[in-house]
Number of protein chains: 2
Amino acid sequence: MTGSHTLAETESQVASRLQGQPIDFSGMAVVSNLFRAANAVRNHLERTVLAQHNLSWTAFVVLWVAWVWQESETRMIAEESGISKATLTGVLKTLEKLGFTTRRRSEKDGRLVIVGLTAKGEALMRRLFPEFNKHESELAAVIPEGRRDEMANHLRAMTIYALTSDQ
Amino acid sequence: MTGSHTLAETESQVASRLQGQPIDFSGMAVVSNLFRAANAVRNHLERTVLAQHNLSWTAFVVLWVAWVWQESETRMIAEESGISKATLTGVLKTLEKLGFTTRRRSEKDGRLVIVGLTAKGEALMRRLFPEFNKHESELAAVIPEGRRDEMANHLRAMTIYALTSDQ
DNA sequence: GAGAGATTGTTTGGATACGAACAAAATGTA
DNA sequence: TACATTTTGTTCGTATCCAAACAATCTCTC
């Protein structure tokens, strides 16, 4: 969406397909740029930081959550990572094969699975996260310093709205 | 990330894993909330608007680009949609099976493939896009009206930075 | 304590998603 | 005109990603 075309060109094209119908172009720009940004940032970080460790974006996020919160239940990891539990099963299989995570049944509740990091996983994250954060910092630097927290808050507000207005 | 935990809790956990190393928490919050928002918004719109037409997010975006710009070359659609050409081949196969798009070789350049919408595809988009935009509008409404265009511009700036700092 | 109901992680099936290798076509160069 | 180079869309292999169905386990109620 709106890749190489200007905003005005795109709006003009859309308007010509829908004579008379009112369109919220600001809302459209927010949502479409949200996705272009997320896509571009994910691909950028995957190529520059993650690929050399055989990590996908999602695999890194899952590893990050397990690293930060330690010995976590899968349902919590799935929620924190923003992925479904079905997806998590597959990602954990990958991370286990790479030797970064471990899985064990909970003794207290036989339904739960507890995820932990191996020594290799711990060592990786101690090196990788600071490097990853440096790239995050560079990306966020395109936003004026006084606006970054506000930006994060607005994104958070959109997330909450999307999650709570589903039914 | 940072699903149910507070920001302060998360920062405290991260700091405890990396004694001494400086971390840019504002940059971290921007990037992580960017992804939570994009994920949540995509899933929300897929469930509420797109699923009833058997459209995934990506399929809708591709259809939207072909609808707005009409008779487009696939390389242009891929770029505008923010996906690889390999992915586009698969998505177009799906859209063609659903009867929304057509494909034909360019007469001028035998390498190119031109994508167009069927009458069914046109009719769908004339109805579907205004409905989709209404949801976009509701999502963007969580941002103060005077900040929406600024937000879109900041997201656009991040996209450009990510795309141009790859090598 | 027995059985209905709820919760959890996995499997299944289908659709993305990418890079790399590829074949076809166009372009540049000698 | 040959022929190397570039461009384009597809195929291949692998990894996500989700909803729905499922089996195992726990909880609640009587």
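Keep in mind the model is a prediction, meaning the values are calculated, not measured. Letters A, B, ... are given to chains in the order of the sequence lines, protein chains preceding strands, and every chain is numbered from 1.
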Given DNA chain D, 5'-ward residue of the pair Asp109(A) and Ser84(A), judged by closest heavy atom: Ser84(A)
Measuring from the side chain of Asn43(B) (C-beta onward, heavy atoms only), which nucleotide among dC18(D), dG19(C), dT10(C) has the closest atom? dC18(D)
Please report the distance, rounded to the nearest Å, between CD in Glu96(B) and P in dG9(D). 14 Å
Sort out for me which residue in Leu55(A), Thr87(A), Ile77(A) forms a side-chain contact (heavy atoms from CB on, under 4.5 Å) with Val62(A). Ile77(A)
Answer yes or no: is there an ion pair linking Arg147(A) with Glu150(B), defined by an N-O contact shorter than 4.0 Å? yes
Classify Gly90(B) by what it touches in the nucleic acid, base, sugar-phosphate, or nothing, heavy-atom distance under 4.0 Å. nothing
Measure from CG on Leu112(A) to P on dT10(C) and round the result to the nearest Å. 11 Å
Angle between ring planes, Phe129(A) versus Phe132(A), binned at 30° and 60°: parallel, tilted or perpendicular? parallel
Please report the distance, rounded to the nearest Å, between NZ in Lys85(A) and C1' in dT25(D). 13 Å
Side-chain N or O of Lys108(A) versus OP1/OP2 of dT25(D): is the shortest distance under 4.0 Å? no
N/O (side chain, Arg111(B)) to phosphate O (OP1/OP2, dT10(D)) under 4.0 Å: no
Nearest-0.5 Å distance that lies between atom CG in Leu112(A) and atom CG in Asp109(A): 4.0 Å
Nearest listed nucleotide, side chain of Thr74(A), among dC26(D), dG9(C), dT16(C): dG9(C)
Partner of Gln13(B) under side-chain hydrogen bond (donor to acceptor under 3.5 Å, both in side chains), chosen from Glu9(B), Arg17(B), Glu11(B): Arg17(B)
Given DNA chain D, 5'-ward residue of the pair Asn39(B) and Gly110(A), judged by closest heavy atom: Asn39(B)
State whether Ser56(A) places a side-chain N or O below 4.0 Å from either non-bridging phosphate oxygen (OP1 or OP2) of dT16(D). yes
Phosphate-side-chain proximity, Thr87(B) and dT16(C), N/O vs OP1/OP2 below 4.0 Å: no
From CD of Glu46(A) across to C1' of dA15(D) the rounded distance in Å is 10 Å
Counting heavy atoms from C-beta on, name the nucleotide in dG19(C), dA19(D), dT10(D) closest to the side chain of Val113(B). dT10(D)
From CD of Glu73(B) over to C1' of dT7(D), roughly how many Å is that when rounded to an integer? 12 Å
Under 4.0 Å between a side-chain N/O of Lys93(B) and OP1 or OP2 of dT11(D), yes or no? yes
For Leu88(B), which contact category applies under a 4.0 Å heavy-atom criterion: base, sugar-phosphate, or nothing? nothing
From the options dT10(D), dG9(C), dT16(D), select the nucleotide whose nearest atom is closest to the side chain of Val91(A). dT16(D)
Rounded to the nearest angstrom, tell me the gap between atom CH2 in Trp57(B) and atom P in dA19(D). 15 Å
Protein-nucleotide distance (Leu95(B), atom CG; dT16(C), atom C1'), rounded to Å: 12 Å
salt_bridge(Arg104(A), Glu71(A)) N-O dist < 4.0 Å: yes
Is Thr94(A) near enough to dT16(D) that one of its side-chain N or O atoms lies under 4.0 angstrom from OP1 or OP2? yes
Examine dG9(C): is either OP1 or OP2 under 4.0 Å from a nitrogen or oxygen in the side chain of Thr89(A)? Give yes or no. no
CG of Leu55(A) versus P of dA15(D): gap in Å, rounded? 13 Å
